[in-house]
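Okay, structure first, notes after.
For the single chain, residues carry numbers from 1 onward in sequence order. Counting starts at 1 for both ligands and their atoms, in listed order.
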Amino acid sequence: MSISRIALAYSGGLDTSVAIKWLSERYGSKVITVTVDVGQGEDFKAIGEKALRVGAEHHYTIDAKEEFVRGFIFPSIKANGLYQGKYPISTALSRPLIAKKLIEVAHKEGCDAVAHGCTGKGNDQLRIEISCRALDPTMKILAPTREWGMSRDQEVEYAMKHGIPISKAAKKYSIDQNLWGRSIESGPLENPWTAPEEDGWEWTKAPELAPDTPRNVELRFSNGVPVAIDGEECQPLDLIRKLNKIAGEHGVGRIDHMEDRIVGIKSRETYECPAAVTVLEAHKDLEKLVLNRHELSFKRMVDEQWTYLVYAGLWEDPLREELDAFIDKANERVEGRVRVRLYKGSLAITGRESPNSVYDFKTATYDSSSTFDQTLSKGFVELWGLPTVVSRKLVSRR
Ligand code: ARG
């Protein structure tokens, strides 16, 4: 395969640094590195310098935080995006955006290939490659870490031979982080019975060390997304950052579960997603105040399908946008306030309020002002139970 210019998605870590050298040796091509800022909070200047030092021809740092929040996190909030009921799909959401930026740079730089550092065992390869191919089916895609067949030790040796800097402490965990959360994998966590050690957590306090007084946070939503915190309007980016701090300080947002990767691997995954966990709980609760039961039960299925598509790397599938149309429509009424109580690792919704509430005090109350005519229930009970009672009779006769 003859390739002259490659745009490489670059994190600054060992794999993608080795990839710069390996790709230029293997293909005799120029490598242009691209680091997308999705709120991982790293030293982007140092990352860029490292890329050039290792041998990149050019380096791009692309600030995509705003786009990440509005175009990816917000739709996920509206879809109550939790994979297998637990994981706020934080890594999954960032990949299609990284792919989009990678393709943009590849076009600008006249590249004939893009490359990424995902391994063959995870979901990220699906997300990056399928998005890249959907956006430009003619672009070649290279996955050096999947092909070079080097073990970790050989990789370190290769790096030393080529003067690629290696961080001193061999990393205990594999980390990926962005505004919506931080995923911590591998090392001691590979035994599902081993409790996560404290040194893996960075964004959340140990619940037992969290403040002794509970913190009530009030979130205001408009069109299904959070717009104010404690009565103060807030830009989306600031709101999420603020909430990551507040909830993390109270030990809220730690996740430890068994997960099914799309490649078929069952894995133990841990995450810390203080803002995501808080916002998603509040959003789900507010939906229950403003949507009726038919909408809610249908939306649960749509939400699940949406989340599955995104987790599985199919962000670019037209179905995702079609589901978004329904989700957006249902969220037009998701407006109001939710009070969340954070206390030593626990989160509880203690109040909700909306101008679009379908809660009617007069029908619900047990006091004398109730307008609900209980005499009507007699016939309702009879008819509602009719099919069950009739079939039960037949079944018992058999
Ligand atoms: N299991 C999660 C997912 O598939 C986390 C992946 C973390 N990625 C990484 N490169 N460390 O979304």
Are Phe72 and Trp315, when compared by the centres of their aromatic rings, separated by less than 6.0 Å?
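Yes, they do, as the ring centres are separated by less than 6.0 Å.
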Kindly say whether the aromatic ring centers of Tyr158 and His162 come within a distance under 6.0 Å.
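Yes, they do, as the ring centres are separated by less than 6.0 Å.
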At what distance, to the nearest 0.5 angstrom, does OG of Ser267 lie from CZ of Arg261?
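Ser267 OG to Arg261 CZ: 4.0 Å, rounded to 0.5 Å.
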Checking ring pair (Phe, Tyr, Trp, His ring centres under 6.0 Å) against Tyr271, which of Tyr87, Trp201, Tyr83 comes through?
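Answer to the ring pair (Phe, Tyr, Trp, His ring centres under 6.0 Å) test with Tyr271 among Tyr87, Trp201, Tyr83: Tyr87.
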Is there a donor-acceptor pair closer than 3.5 Å between any side-chain N or O of Thr365 and the backbone N or O of Lys362?
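A pair under 3.5 Å: no.
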Between Glu281 (side chain only) and Thr278 (backbone N and O only), is there a donor and an acceptor less than 3.5 Å apart?
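Such a contact is absent between Glu281 side chain and Thr278 backbone.
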If you measure every N or O of Ser183 against every N or O of ligand 1, does any of those distances drop under 3.5 Å?
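Ser183 vs ligand 1: no N/O contact under 3.5 Å.
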Using a strict 4.0 Å cut-off to heavy atoms of Ser174, name the atoms of ligand 1 that fall inside it.
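What qualifies from ligand 1 is 11 (N).
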Under a 4.0 angstrom heavy-atom cut-off, which atoms of ligand 1 come close to Arg95?
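Going through ligand 1 atom by atom, the ones under 4.0 Å from Arg95 are 10 (N).
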Heavy atoms only, cut-off 4.0 Å: how does [X] contact ligand 1, side chain, backbone, both, or neither?
{"X": "Asp124", "answer": "side chain"}
{"X": "Gln125", "answer": "neither"}
{"X": "Glu259", "answer": "side chain"}

Whether Gly122 lies under 4.0 Å from ligand 1, heavy atom:
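Contact check Gly122 vs ligand 1: negative.
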Answer with yes or no whether Tyr271 contacts ligand 1, where contact means a heavy atom under 4.0 Å from a ligand atom.
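Checking ligand 1 against Tyr271, which is what was asked, there is a heavy-atom contact under 4.0 Å.
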From atom 3 (C) of ligand 1, work out which of Gln177, Glu269, Arg268, Arg127 has a heavy atom at the shortest distance.
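Minimum heavy-atom distance to atom 3 (C) of ligand 1 goes to Arg127.
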Nearest protein heavy-atom contact for atom 12 (O) of ligand 1: which residue, which atom, what distance?
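Its nearest protein heavy-atom neighbour is Tyr87 OH, 2.6 Å.
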Nearest neighbour in protein (non-hydrogen) for atom 4 (O) of ligand 1:
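Protein heavy atom with the smallest distance to atom 4 (O) of ligand 1: Asn123 ND2, 2.7 Å.
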Start with the C-alpha distance between Arg341 and Thr350, add both sets of side-chain angles, then the distance that settles side chain to side chain donor-acceptor pair (under 3.5 Å), and finish with yes or no.
CA-CA 7 Å; Arg341 182 182 186 267; Thr350 61; over 6 Å; no
Could you tell me if Tyr10 and Ser17 have a donor-acceptor pair between their side chains, going purely by distance under 3.5 Å?
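Looking only at side-chain atoms, Tyr10 and Ser17 do form a donor-acceptor pair, the distance falling under 3.5 Å.
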